[in-house]
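Written out below as structure tokens is the structure these notes cover.
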Amino acid sequence: MPEGHTLHRLAREQQRQFAGLPIEVSSPQGRFEAQLVDGRVLDSVSAYGKHLFAAFGDRIVHVHLGLYGKFTSGIGEPPEPRGALRMRWTAPSGWTDLRGPTACEVLAPSEAEAVVARLGPDPLQRGADGTRAFERIRRSRAPLAGLLMDQQVLAGVGNVYRAELLFRHRLDPYRPGREVEAATWATVWSDLIALMRAGVRSGRIVTTEAADRVRPSRRVVRDDAHYVYRRHGLPCRIDGTLIQMQVLAGRKLYWCPTCQA
DNA sequence: GCAAAATGTCAAG
DNA sequence: TTGACCTTTTGCA
């Protein structure tokens, strides 16, 4: 379930559980050069967009989960390694396992900085500058739906947030970037920050009105969490029109053709 | 038991 | 624009 909120949540959890401790690092699968950081003290874990950075002195473990990468973790002794286990951390405070990432590599600090330099503003970063994204959007005649997913425009937004964000603001996914008003963008940007922060808190993406009244104790039914994402062929929650789906740049785009005309 | 799908990215043509 | 890649889970026989 990796959009930006997932990575920021992971960074926080790993920071809390492992930072300041020497970590036993291994790669049962053998596809990660664990010996480069094995036994080093973990200084800090941070996230930018969908990227995770774990600093072991001057060696940075860079992880990108891709479409189905996943961390699992626990306290006490780790379980016997099963399946394709790319990276395992073991410490007195517990363990964490990583499977299926697109990237899991050791970088020099300058290389890690270069990764971030290629990305647009991350709404989850304190002081993130939404106008930087808008400048790129305004210069493009590409559909807004595609621009929102472009990590060089905006870092951390994936297929769920883009579909839901467009719906919440009644925006036509195919509107060219250059036709988006500054005032519209300002509203969209601040809404995106709120949505993604809620995502970090709850660990999942909830964009329906239930998301507006954040009450952790009150569980939202999974089915109600989205307006349009993966609701192809079902009636729009607002006006009953059937939700449409179309593949755009290789990804499934969902929208309500009347609400978002 | 096997194919398809999944909140992603990159490189080739 | 397409295919390749990383792995697990789901759905259908």
Side-chain angles (χ1 to χ4, degrees), chain A residues 1-11 27-34 47-53 61-73 79 81-88 96-105 107 111-112 114-120 122-124 142-143 145-168 173-174 192 195-208 211 220 222-233 243 245-255:
Chain A
M1 357 187 279
E3 293 195 24
H5 69 299
T6 305
L7 281 299
H8 283 261
R9 189 178 168 89
L10 275 169
S27 178
Q29 176 197 54
R31 293 189 49 186
F32 168 62
E33 294 188 297
Y48 193 102
K50 299 171 188 169
H51 299 256
L52 189 73
F53 301 94
V61 174
H62 168 228
V63 173
H64 193 295
L65 294 176
L67 196 49
Y68 30 69
K70 202 175 209 169
F71 276 100
T72 51
S73 63
R82 263 185 295 100
L85 180 48
R86 184 75 60 88
M87 178 173 75
R88 165 170 282 183
T96 188
D97 285 352
L98 171 64
R99 293 162 208 277
T102 288
C104 178
E105 57 187 354
L107 300 180
E111 295 173 310
V115 170
V116 173
R118 278 189 259 114
L119 301 169
D122 172 0
L124 288 173
L147 293 168
L148 292 178
M149 292 267 290
D150 183 342
Q151 301 299 296
Q152 303 194 74
V153 172
L154 210 50
V157 171
N159 207 10
V160 182
Y161 280 125
R162 76 101 175 248
E164 297 296 304
L165 195 62
L166 287 167
F167 180 87
R168 284 169 64 91
Y174 291 96
L192 180 59
L195 281 178
M196 292 185 74
R197 282 186 182 164
V200 175
R201 249 177 280 129
S202 68
R204 61 200 206 90
I205 301 176
V206 178
T207 59
T208 44
V220 178
R222 192 175 234 331
D223 215 35
D224 291 343
H226 308 136
Y227 283 110
V228 292
Y229 177 69
R230 280 188 121 200
R231 296 196 67 246
H232 173 45
I243 301 302
M245 189 279 283
Q246 201 163 19
V247 174
L248 173 70
R251 307 304 305 281
K252 289 181 176 174
L253 168 68
Y254 305 85
W255 81 105

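Order of the sequence lines sets the chain letters (A, B, ...), proteins ahead of strands, with each chain counted from 1.
- Here the C1' atom of nucleotide C:dT9 and the CZ atom of A:Arg99 are 13 Å apart, to the nearest Å.
- A:Glu33 CD: 12 or fewer foreign heavy atoms inside a 6.0 Å radius.
- Regarding A:Leu248, its CG atom lies at a distance of 16 Å from the C1' atom of B:dT7, rounded to whole Å.
- Protein atom CG of A:Asp150 is 13 Å distant from nucleotide atom C1' of B:dG8, rounded to whole Å.
- In this structure, A:Phe53 and A:His51 have parallel ring planes: the angle between them is below the 30° cut-off, well short of the 60° mark.
- Close to B:dA6, at under 4.0 Å from its OP1 or OP2, lies a side-chain N or O of A:Arg230.
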Could you go through nucleotides 9-13 of chain B and list every protein N or O atom that sits under 3.5 Å from one of its N or O atoms, giving the distance for each pair?
from  : atom 1 : to      : atom 2 : distance (Å)
B:dT9 : OP1    : A:His64 : NE2    : 3.3
B:dT9 : OP2    : A:Lys50 : NZ     : 3.2

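- The nearest whole Å value for the distance from the CG atom in A:Leu10 to the P atom in B:dT7 is 18 Å.
- Evaluated for a side-chain contact (heavy atoms from CB on, under 4.5 Å) with A:Ser73, the options A:Thr96, A:Leu98, A:Leu10 yield exactly one hit, A:Thr96.
- Checked against side chain to side chain donor-acceptor pair (under 3.5 Å), A:Asp150 has no partners two or more places apart in sequence or in another chain.
- For A:Ala103, the side chain to side chain contact (heavy atoms under 4.5 Å, CB included) partners two or more places apart in sequence, or in a different chain, are A:His62, A:His64.
- The side chain of A:Arg86 places no N or O atom within less than 4.0 Å of a non-bridging phosphate oxygen (OP1 or OP2) of C:dC5.
- For the OP1/OP2 pair of B:dA6 and a distance below 4.0 Å, the side-chain nitrogens and oxygens of A:Lys252 include at least one atom meeting the criterion.
- Comparing C:dT8 with B:dC10, their C1' atoms are spaced 22 Å from each other, to the whole Å.
- Between the C1' atom of C:dC5 and the CD atom of A:Glu105 lies a distance of 15 Å, rounded to the nearest Å.
- Note: A:His5 and A:Tyr161 meet the aromatic proximity criterion, with ring centroids under 6.0 Å apart.
- Atom CZ of A:Arg9 has more than 12 neighbouring heavy atoms from other residues, nucleotides or ligands inside a 6.0 Å radius.
- In this structure, A:Leu67 places its CG atom 15 Å from C1' of C:dT10, rounding to the nearest Å.
- Remark: C1' of B:dT7 and CD1 of A:Ile205 are 5 Å apart, rounded to the nearest angstrom.
- If you take CG of A:Leu65 and C1' of C:dT8, they are 13 Å apart, rounded to a whole angstrom.
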